[in-house]
Amino acid sequence: MDERILVVDDDREIVGAIAILLEREGYQVLRAYNGMEALDLALDPAIRLIIMDVMMPRLDGLSAVLRIREKRNLPIIVLSARSEDTDKILGLSVGADDYVTKPFSPPELVARVRSQLRRYTSLGDVNAEGRMDVIVNGRLTYDPEGMSLKADGEPVKLTATETRIVDLLMRNLGRIFPAEEIYRRVWEGECFAPENTVMVHIRRIREKIELNPKKPEYLKVVWGIGYKMEKMG
Amino acid sequence: MVTRWKKWASLITLFLGFYLTLTGCVGTWYAAWGLAPRGLGPEVVFQSDYRDTAYFRREMTGYLYDVLNCLQSGWTYHLWENADVSTNLLYSGSYRSGYEDIVYTNTGYDLSRGLPEGYDFLLAFRNGRVVITKDGEAVDVYGDGYYTEDSQWDVPGYTNRDPDGLENYTVYLAVASRPVDHGWWEPIWNMTQVITYVRYGYLGLFGVWAGAVLCLTLAVVLRKARREARAAIAARTAKVWFEVKALWTIFPAFLFWQLLIGGFFWGLNAYAAVTGLAFLICYPVLLYLTGCDLRHNKQVWKNSLCAKLFSGGKSAAGALSARLASHIWFEWKLLLLVFLPFPALRTLSELRWAVGYVESFLFFLALFVLTAGLWLATLYVVVCDLRCNEKPWRHGLFATLFRGLSWLWRVFRGTELAQPLRRRFLARMAGAAAGVLILAFLALITVFSYCWDHTGLSSFGSILTALLVVLLLLLPLAWLLDRTWLLLRDLVPLTDQLSTLRAGGSAQPLTLPEGSDLSAAAGDLNRVQEGLRSAVAEQMKSERMKVELIANVSHDLKTPLTSVVSYAALLGEEEDLPPHVKDYIRILNEKARRLQVMVQDVFEVSKAASGELPLHMEQLDLTRLLDQTMADMDETIRRSGLTFRTTLPSNPVWITADGDRLYRVFQNLIQNALRYSLEGSRVYVTLEVIEGRAVARVKNTSRDELPSGVDFTARFVRGDVSRTDGGSGLGLAIASSFTAACGGTLRVETDADLFTVEVTFPTSG
């Protein structure tokens, strides 16, 4: 692989650490230490992904993202110490594809990078195929006919029960299902306390599809109501 | 040492001496005023012949006059004209009235011829002179012929005493030489008897006086012993109730008084009289006892029945009567106490006429005792009530009435105050105006009638004058009402402004018309409003700055932390490291992660505390949320070795909250329980709905002793102070602030080792 990744952060040590992580995975890493440098380097067409810090001197990360978006369409992961929902929403709305809060766990960052890159390449395929019967939701692609789920274009191996849960949730994106309903429709029976059973399966599915199963983005618990598959923009 | 008998002797001699003296005095008095005037002076003791006594002379003279009186008046019933009965005194009286002699006699013997056999004393009254022959010898009756007080015979015939036309009367009186008892009341025999008795009496009186002197002398001799006897008596009387002593001191005096005024004593029968007399006789002794008591004992009234009954109201009887009394209205008790004696005394005084009969007297006595007893009982109850019960007058008719009235007044005030200010004042002003108008009308009538009656004005003129006067009087009142009306007009916007201010609304500055009474207040209010507004703005600004500061600090902490975490992770992936270095790296990783958690927690709890936490409130089922939380943490729970006992209702419990935050709350609570519970113990998670509130509880048994007086929801507080385990110390603080942010309350309770967290939310829907 000769995929170049631009890492931007005013903290050199952080850039260094990310570089080590990514280079170990076989990526080439370009380093920038402020927004302006990033703008210069981002013009390199070999760059496939940018990891961008927000608070930087000279030009802050979000402005840089805006400027880069004007010229290039490539995945950008925003890296920020701000963990507020509002910050995340702001970051995503200016054109970032993902938002990772500091301090991040190294494997998660690597997984996200990989996911973004894969999506960036495979998404084009999906769109090219133009298959309308496939349900696309962010990183996830679900084929209702074949009952097969792909995450970042890679097939996810699911058990029969998990497949049925995923089938139900992917067909009804964003809809909240109470545990009883999931149980009734998946197991086709009644259960006195389905919460535990359903939760166990949800957790297993998360481990297969989520980048960080502890902070799920797709398969979410709506506390006090039920479960849902988040509908991604 | 004074022996016992000496003490007794001293007392007995004293009392004996006293009584003997008393008896002697009475006897002497009787002798002097009762006997001596009758001719029974002390000299009778020494006269062997009774015919030599003054008494005999007086009696004989009396008989002489008796007979003379009979002859003069013709009435004979004074005389014992009975010839059949033997007697020691013979008499005959005759009156020469010209042609015949009128004779009264009790004997057939003609005494003018001399004495019959067995009689040796003859008193003959002839021609206005008395001749007495005793034992055949004539007695010198007249002495020197002049009558004096000392003359032995008080008979007619002295030269200085007018014979008073008794020349025609002749009387003979003969006395037997040895009087004998003829079995009936017979003058001469009786005379001898009287003289004998009097003689003995005088002897007795002498003996009494002698005894009295002897006893009193002894008493004086024994006065030292008596002093000790008095002390001994006082020691004994000290044990007697004061009431008894008072009774024995006063009651005989009362009896004595009754005796003197001749009161109801005569209505009593002989026994009662005797008892009364006995009482009187004992009276000096009783007085003496009282005297001893008063002299030797201090505060004699302390030992009394009343004192015992009232001793602090602590006695069982006192407490009981106080409790009983507390149920009775205070007025009843007072009425009984004050008014019971009046009708009772009235009835008793009306019954006094009946006192002459023994039965009625007993009835009277019973009634008196009953009434007095009732009154005393009432007094006792009231006193106990006053002593034992706090403010007993609070429980009474008037107190109840007063409370009722004040309650009514409060209710009236409450309903009145509930009205809007404008209406309230309008009502009050209307009331005042109505009163003023009525007064004005009355004044009008008064002035008019005065003018009509006392001045020469016509009716029209009177009305005009009255109207003028009343209007003049009404003018200041009308002015006052007008000012009040203006004040009210300005007061309403002022209070409205205050309400707006309190509600947090930002109202325009208040402007009142020029010259209003409240302009100054309105100005003050505007200034307060302005100050408040700027203060709020200032506070909000500082609050925002605080949150921003925390966010910045948190950011500044996170940036180096990122490097730490990343490089520690990289280090951990290095191979061929010695085991101890790997151990170091593990510790580094662990601590870095903990630091990360802590920074995040601090940030969140600060935001929540400053009210800046963004919330996504929605209806959710708390039962389900707890179920999900437990399911979510199932693995951790199972690994912990603790047993969870979950009691949730079967139906949904709907509340309004932010699900994610609430999940964090219960996650923290359960983590807390997992972290600090005693190994193998049970954790109880319960949810119930109590009075429209959902109450969730997490109870666990602490492993370590819980410190008392610690606010567990404060930041960085943990059960153990050493802080060596994995928690940030913010679990409960986060739970508490998140709960508060969602509109619930979190409360921590500790009971010995039992640690209970109670999360309460109002239910919705």
Side-chain angles (χ1 to χ4, degrees), chain A residues 9-21 23-24 53-56 79-89 100-110 176 178-180 192-204 206 214-216 220-227, chain B residues 551-552 554-570 572-573 592-593 595-596 599-600 603-604 607 612-614 616 618-635 646 648 650 652-655 657-667:
Chain A
D9 198 318
D10 58 332
D11 189 324
R12 286 170 185 271
E13 283 72 31
I14 292 178
V15 175
I18 295 171
I20 294 167
L21 281 171
E23 279 165 0
R24 226 169 32 189
D53 184 27
V54 175
M55 286 174 138
M56 284 183 299
L79 197 60
S80 170
R82 292 184 170 272
S83 55
E84 292 298 283
D85 283 343
T86 48
D87 296 321
K88 280 183 193 172
I89 290 163
V100 176
T101 54
K102 285 183 191 173
F104 51 85
S105 88
E108 189 191 340
L109 183 69
V110 173
I176 304 164
E180 293 84 21
F192 175 64
E195 211 73 60
N196 251 337
T197 321
V198 173
M199 187 65 94
V200 167
H201 286 91
I202 295 283
R203 210 180 292 136
R204 284 197 196 134
R206 273 181 189 162
K214 282 180 185 158
K215 285 180 189 164
K220 280 193 167 171
V221 181
V222 184
W223 297 102
I225 302 172
Y227 305 86
Chain B
N552 287 340
S554 159
H555 173 263
D556 291 350
L557 282 171
K558 275 175 182 174
T559 309
L561 195 57
T562 310
S563 297
V564 173
V565 169
S566 307
Y567 284 100
L570 286 174
E573 283 165 22
R593 213 168 300 131
L595 197 58
Q596 189 181 339
V599 167
Q600 189 61 31
F603 180 58
E604 282 185 349
K607 280 205 89 166
E612 292 280 316
L613 197 69
H616 178 58
E618 59 190 344
Q619 283 254 316
L620 56 89
D621 175 9
L622 190 57
T623 314
R624 191 183 291 280
L625 187 136
L626 280 169
D627 234 345
Q628 285 173 324
T629 311
M630 300 296 291
D632 187 55
M633 304 183 71
D634 189 43
E635 227 169 277
T646 314
L648 302 178
S650 51
V653 175
W654 293 103
I655 62 168
D658 183 323
D660 288 333
R661 307 288 184 200
L662 208 52
Y663 162 68
R664 282 290 303 279
V665 169
F666 287 106
Q667 189 194 30

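Values in this document were obtained by computation on a predicted structure and should not be read as measured data. Chain A is the first sequence line, chain B the second, and so forth, proteins listed ahead of strands; every chain is numbered from 1.
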Counting only heavy atoms closer than 4.5 Å, note whether [X] contacts chain B via side chain, backbone, both or neither.
| X | value |
| --- | --- |
| A:P178 | both |
| A:V222 | both |
| A:N196 | both |

Starting at [atom1] of [X], measure out to [atom2] of [Y] and round the result to the nearest 0.5 Å.
| X | Y | atom1 | atom2 | answer |
| --- | --- | --- | --- | --- |
| A:D11 | B:S563 | CG | OG | 4.0 Å |
| A:I14 | B:Y567 | CD1 | OH | 8.5 Å |
| A:E13 | B:T559 | CD | OG1 | 11.5 Å |

Checked A:L79, A:T101, A:D53, A:I20 vs chain B; the most non-hydrogen pairs under 4.5 Å come from A:I20

Interface check, chain B: of A:G226, A:P103, A:P107, most non-hydrogen pairs under 4.5 Å belong to A:P103

Among B:D627, B:V564, B:V565, the residue with the most heavy-atom pairs under 4.5 Å to chain A is B:D627

Considering only heavy atoms, which portion of [X] lies under 4.5 Å from any heavy atom of chain A: side chain, backbone, both, or neither?
| X | result |
| --- | --- |
| B:L622 | neither |
| B:E618 | side chain |
| B:S650 | neither |

Any donor-acceptor pair under 3.5 Å linking the side chain of [X] with the backbone of [Y]?
| X | Y | value |
| --- | --- | --- |
| B:Y663 | A:V221 | no |
| B:Q628 | A:G224 | yes |
| B:K558 | A:A81 | yes |
| A:R82 | B:H555 | no |

Closest heavy-atom pair, A:A17 versus B:S566, reported as atoms and distance to 0.1 Å, is CB-CB, 3.6 Å

Mark yes when over 12 heavy atoms from residues, nucleotides or ligands other than A:R12 sit less than 6.0 Å from its CZ; otherwise mark no. no

Report yes if some heavy atom in the side chain of [X] is under 4.5 Å from a heavy atom in the side chain of [Y]; otherwise report no.
| X | Y | value |
| --- | --- | --- |
| A:W223 | B:R624 | no |
| B:L570 | A:L21 | yes |
| A:E195 | B:M630 | no |

